[in-house]
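Below is one structure, written out as structure tokens; comments come after it.
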Amino acid sequence: MRRTPIVDALQAEEATKEIKICGWVRTRRDAKGFSFLEMNDGSCLKNLQAIVDESVPTYEIIKDVTTGAAVEVLGELVPSPGKGQKWEVRATELKLLGTADADDFPLQKKRHSDEFLRQIAHLRPRTNKYGATFRIRSEASFAIHNFYRDKGFFNVHTPILTGSDCEGAGEMFRVSTLPATGVEAPKEGSVFDNDFFGREANLTVSGQLEAELLAMGLGKVYTFGPTFRAENSNTPRHAAEFWMIEPEVAFADNEDNMDLAEEMTKYVVKHILDNCADDIELFAKFVDKELMGRLENIINEPFARVSYTEAVELLSAAKKKWEFPVEWGIDLQTEHERYLAEEHFKKPVIVYDYPKDIKAFYMRMNDDGKTVAAMDVLVPRIGELIGGSQREERMDVLLERINEMGQNPEDYWWYTDLRRFGSVPHAGFGMGFERLLMLVTGISNIRDVIPFPRTPQHIEF
RNA sequence: UCCUCGAUGGCUCAAUAGGCAGAGCGGGUGACUGUUAAUCACUAGGUUGUAGGUUCAAGUCCUACUCGAGGAGCCA
């Protein structure tokens, strides 16, 4: 007999004579001669209750059916006479699939701190909060693919291993098959001559440059994959391994880019609200009381849009004491970004046209010669959710910018080659998937929206 | 990497002014014919993060280290 997922059993239209339920025991409540078992199988937030009484042949094993144990219950799905649930299972057979010694099993019925659960990341998917988080993560991933597919984008797979050591987005992790010690460089050449690829290789920090190459053939593409940054960042918003969504669109400018970023954010938030109501309710109730208001606001209100220059004027005029100076040409600090999103506009803000000197070489130079067509989406509580730009499609300007930034154009020969053959305006951005999940769930630490977080000094599991 | 705060039973925390280390939850045992993070009774469980120092006496004061959290920088 095939097992019925609890999510399906709970939505049953009518009673069922025979049903098989498998799951982990969340709690057991004993009475004289029978027990209530609450089981969860991860298919949804809710548990299914089974009543096991002395008529069940294996009733004597009930004492080993403790919180955390895995069980298989055969029985009848009947309307529940008790309050709190529509259906329950009246057990006829009970099988203990896996015990969980009550002395050792670390998960209690009561709430645990996030810090403690992080130490037992192998068990936290069994809790309500983390089960909900990872179900939402899955649903959000699906929504993103759906969004782009509906809009005629192609999902492209850009490399994880990269030979370029200068993608311009932070420190990289080196990939090597050389022994850990005793490797010497040949007289003429580099140590990497004898390495797997014959040159230095790294884990990607962004699929953007390759996505651009694909967009120049496929038109509208996006990548959705892991990225790696070897920055020694110790904050609730940074991880060394995180997932990024990077669309890249040919024949598009920065205006189109901002429209796409806003539309995508709204789409995912709406999809989660429509499809993960139970899980979202848990977050709205126990994690962040203001979650629902903020999500409704994201869906219903247009994002604010200000140029960098306007933002600097706004911040200068604000009656606030800034810890860091506000001055045209200096990048916005966290306190400035938070003020714009949380206090001034009280909603997501897109800041565009940044000074060229604080942005990457590939961003398109504006006509003023001072700013580039960049855009950042800043959201309350999290800060930068998205960073993107229109890309420089003019060969002469691009080369000038590469040189200006002190880089070698030869390292980017394939990137600049695109500007020689049928170059067109194009634009794209990168969205941090974990930051999106923090926004959607109200969870305040990135380490709690990814199952097995990698941060400096942490790679357990 | 810098700044601030913290570390006490399995978990979450308390311990006045340096003076006998406690509670709730969880665990164990028992009670209860419908419970809902069940309830009730009893019970076990600690070298106070590590190393050193001050003191008659240190969970408490001092030094170093380790780990954790928050803020900053870097960014997604």
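So that the names make sense, note that chain A is the first sequence line, chain B the second, and so on, each numbered from 1.
- With both ends at atom C1', the span from B/rU66 to B/rA41 equals 44 Å, rounded to whole Å.
- Along RNA chain B, the nucleotide nearest A/Phe324 and the nucleotide nearest A/Met244 are compared for position; the residue whose nucleotide lies closer to the 5' end is A/Phe324.
- When the C1' atom is compared between B/rU60 and B/rG70, the two are found 24 Å apart, to the nearest whole Å.
- Of the possible polar contacts, one joining the A/Trp87 side chain to the A/Ala12 backbone as a donor-acceptor pair under 3.5 Å is found.
- Closest approach to the A/Glu337 side chain among B/rC74, B/rC75, B/rA38 is made by B/rC75 (side chain taken as heavy atoms from C-beta onward).
- The shortest distance between the side-chain N/O atoms of A/Asn47 and the OP1/OP2 oxygens of B/rA37 is not below 4.0 Å.
- Evaluation of atom-type donor-acceptor distances gives no pair under 3.5 Å for the side chain of A/His112 against the base of B/rC11.
- The side chain of A/Phe34 sits closest to B/rU33 out of B/rU33, B/rU36, B/rA76.
- Judged by distance alone, with hydrogens and angles left aside, the side-chain atoms of A/Thr16 form no donor-acceptor pair with the main-chain N or O of A/Glu18 at under 3.5 Å.
- Side-chain rings of A/His145 and A/Phe224 approach one another, their centers coming within less than 6.0 Å.
- Not one N or O on the side chain of A/Arg305 forms a donor-acceptor pair closer than 3.5 Å with the backbone of A/Tyr352.
- Note on A/Arg29: every side-chain N or O is 4.0 Å or more away from OP1 and OP2 of B/rU35.
- Close to B/rU29, at under 4.0 Å from its OP1 or OP2, lies no side-chain N or O of A/Lys63.
- With rounding to whole Å, A/Arg435 atom CZ is found 10 Å from B/rC74 atom C1'.
- For an aromatic pair to be called close, the ring centres must be under 6.0 Å apart, and A/Tyr412 with A/Phe361 satisfies this.
- Under 4.0 angstrom from either OP1 or OP2 of B/rA69 there lies at least one side-chain N or O belonging to A/Arg118.
- Closest to the A/Lys110 side chain, of the nucleotides B/rC32, B/rU35, B/rC25, is B/rC25.
- Scanning atom types as modelled, one donor and one acceptor separated by under 3.5 angstrom connect the side chain of A/Arg229 and the base of B/rA76.
- What separates CZ of A/Arg454 from P of B/rA76 is a distance of 22 Å, to the nearest Å.
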Only Watson-Crick and G-U wobble pairs with both distances less than 3.5 Å should count. Give RNA chain B in dot-bracket notation, marking inter-strand partners with |.
(((((((..((((.....[..)))).(((((.......))))).....(((((..]....))))))))))))....
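- Contacts of A/Leu436 with the nucleic acid, taken as non-hydrogen atoms under 4.0 Å apart, are absent.
- The nearest heavy atom of RNA chain B to A/Ile386 and to A/Ser444 marks one nucleotide each, and the one closer to the 5' end goes with A/Ser444.
- Using bins of under 30°, 30° to 60° and over 60° for the plane-to-plane angle, the ring pair A/Tyr354/A/Tyr308 lands in the tilted bin.
- Remark: the backbone N or O of A/Leu74 is paired with a side-chain donor or acceptor of A/Thr92 at under 3.5 angstrom.
- Atom P of B/rA76 sits at a distance of 46 Å from the matching atom of B/rA38, rounded to the whole Å.
- For the C1' atoms, the distance from B/rA15 to B/rG24 is 15 Å, rounded to whole Å.
- An OP1 or OP2 oxygen of B/rG73 is reached within less than 4.0 angstrom by a side-chain nitrogen or oxygen of A/Thr334.
- Put simply, the side chain of A/Ser307 gets close to the backbone of A/Glu310: a donor and an acceptor are under 3.5 Å apart.
- The same atom, P, is picked in B/rU16 and in B/rG10; the two are 23 Å apart, to the nearest Å.
- Stacking here means ring centres nearer than 5.5 Å and ring planes tilted less than 30 degrees, and by that measure A/Phe242 stacks onto B/rA76.
- For A/Asn232, counting side-chain heavy atoms from C-beta on, the closest listed nucleotide (B/rA69, B/rG73, B/rU1) is B/rU1.
- At the phosphate of B/rG10, neither OP1 nor OP2 sits under 4.0 Å from any side-chain N or O atom of A/Gln108.
- No hydrogens or angles were tested; on distance alone, nothing pairs the side chain of A/Arg111 with the base of B/rC25 as donor and acceptor under 3.5 Å.
- B/rG46 sits 28 Å from B/rC40 when the C1' atoms are compared, rounded to a whole Å.
- Counting to the nearest Å, the C1' atom of B/rA76 and the NZ atom of A/Lys359 are 11 Å from each other.
- Among the protein residues, A/Ala102 comes within range of the sugar-phosphate backbone only, with heavy atoms under 4.0 Å from sugar or phosphate atoms but none that close to a base.
- The nucleotide whose nearest atom lies closest to any side-chain atom of A/Lys109 is, among B/rU35, B/rC74, B/rA37, B/rA37.
- One finds a side-chain N or O of A/Arg237 lying less than 4.0 angstrom from the OP1 or OP2 phosphate oxygen of B/rA72.
- A/Tyr267 and A/His271 have parallel rings, their planes meeting at less than 30° on a 0 to 90° scale where 60° marks the start of perpendicular.
- From A/Leu332, atom CG reaches atom CG of A/Leu378 across 7.5 Å, with rounding to the nearest 0.5 Å.
- In the set B/rA76, B/rC67, B/rU12, B/rU12 carries the atom at the smallest distance from any side-chain atom of A/Ser113.
- As rounded to the nearest Å, B/rG68 and B/rU8 have C1' atoms that lie 15 Å from one another.
- Of the candidate nucleotides B/rG73, B/rC75, B/rU35, B/rU35 has the atom nearest to the side chain of A/Gln49.
- Nucleotides B/rA21 and B/rG45, compared at atom P, are 15 Å apart to the nearest Å.
- With hydrogens and angles left out, the side chain of A/Asp30 and the base of B/rU35 share no donor-acceptor pair within 3.5 Å.
- OP1 or OP2 of B/rA38 has at least one side-chain nitrogen or oxygen of A/Thr27 nearer than 4.0 Å.
- A donor N or O paired with an acceptor N or O is not found under 3.5 Å between the base of B/rC75 and the side-chain atoms of A/Ser233.
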